[in-house]
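Reviewing the structure listed below.
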Amino acid sequence: MLVNHGVPESLMKATLDKCKEFFDLTTEEKREFEGKNVLDPIRCGTSFNLSAENVHFWRDFLKVIVHPQFNFPHKPPGLSEVAWEFCKQVRDVVKALLRGISVSLGLEEDRLEKAMNLESCFQVFVSNYYPPCPQPELALGLPPHSDHGLLTVLINNQIAGLQIQHQGRWVQVQTLPNSLLVNTADQLEIFSNGRYKSVLHRAVVNTTATRISIAIGNGPSMDTLVSPAEELADPPAYKPMKFKDYSQLQQGNKLDGKSALERVKL
């Protein structure tokens, strides 16, 4: 959990408020943003990947690729402007964190930034809408999974629902006001040769309150071939794979723990 991060609380709140306005649009208004492919620049819908799932999840979503090229729905007014500023500031936070992570691995400060080609990094904006559920014990907002990038930065409307797995147990995350929650993701686990582990997490629902969260996924450039850093690969524990191929592998199937990461383990 990150505090004193420099992202204004007013910007975080405005982004959450505008996302709520998006989900309040009529079904007809949202239909133009549905998308078909998992890597379409703008996509909204229900659950995670309806074509690959046997069981659907208690969640609506808006998923937008915002870097290296910025895309966003033109409705509601003002959403794209606050999202652009929020995503820009999150990229600055992520670059600073990755510089610190590089040093912690015994590498040059800019090693991760150069190896992952962060000037052309892939950044995706995902807003999740979890309405009250009449039988939350029978439903999940999202199943256990890890994220496919390097670091994921999350905010929410202060309604609990995110759980992370710690020592085999599910732990409810209670975020501090005006904080950013940062999850390590699969490409960081690969680059660090397992020294950093991607976080296994899930979303649960409740009977009374609507939960809205925003997750900003930050990854390498799509063309980056990600493999363990030479200095840490003794021996390498993961096969090299282009980030674009890894993204399609993870996003194109049902969410299932760390199943994508297992496929690149040696």
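Only this structure's heavy atoms are used, side chains among them; waters, hydrogens and symmetry mates stay out.
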Ser146 versus Asp186, side-chain donor and acceptor atoms under 3.5 Å: yes
Sidechain-backbone polar pair: Asn193 side chain, Ala237 backbone, donor-acceptor under 3.5 Å: yes
Over 12 non-hydrogen atoms of neighbours within 6.0 angstrom of CD in Glu230: no
Residue Lys258 excluded, over 12 heavy atoms near NZ under 6.0 Å: yes
Flag the pair [X] / [Y] as yes when at least one side-chain heavy-atom distance between them is below 4.5 Å, and no otherwise.
{"X": "Asn156", "Y": "Arg211", "value": "yes"}
{"X": "Cys19", "Y": "Leu79", "value": "yes"}
{"X": "Ser127", "Y": "Phe125", "value": "yes"}

Salt bridge Lys114-Glu108, side-chain N to carboxylate O under 4.0 Å: no
Parallel, tilted or perpendicular: ring planes of Trp84 versus Phe70, cut at 30 and 60 degrees: perpendicular
Parallel, tilted or perpendicular, as decided by the 30° and 60° cut-offs, for the rings of Phe33 and Phe22: tilted
Common cluster, Tyr129/Ile159, ILVMFWY with side-chain heavy-atom separation under 4.5 Å: no
Show every donor-acceptor pair shorter than 3.5 Å between a side-chain atom in residues 166-180 and any protein atom, with sequence neighbours excluded, or say none if there are none.
residue : atom : partner : partner atom : Å
Gln172  : OE1  : Gln163  : NE2          : 3.0
Ser179  : OG   : Leu176  : N            : 3.4
Ser179  : OG   : Leu176  : O            : 2.6

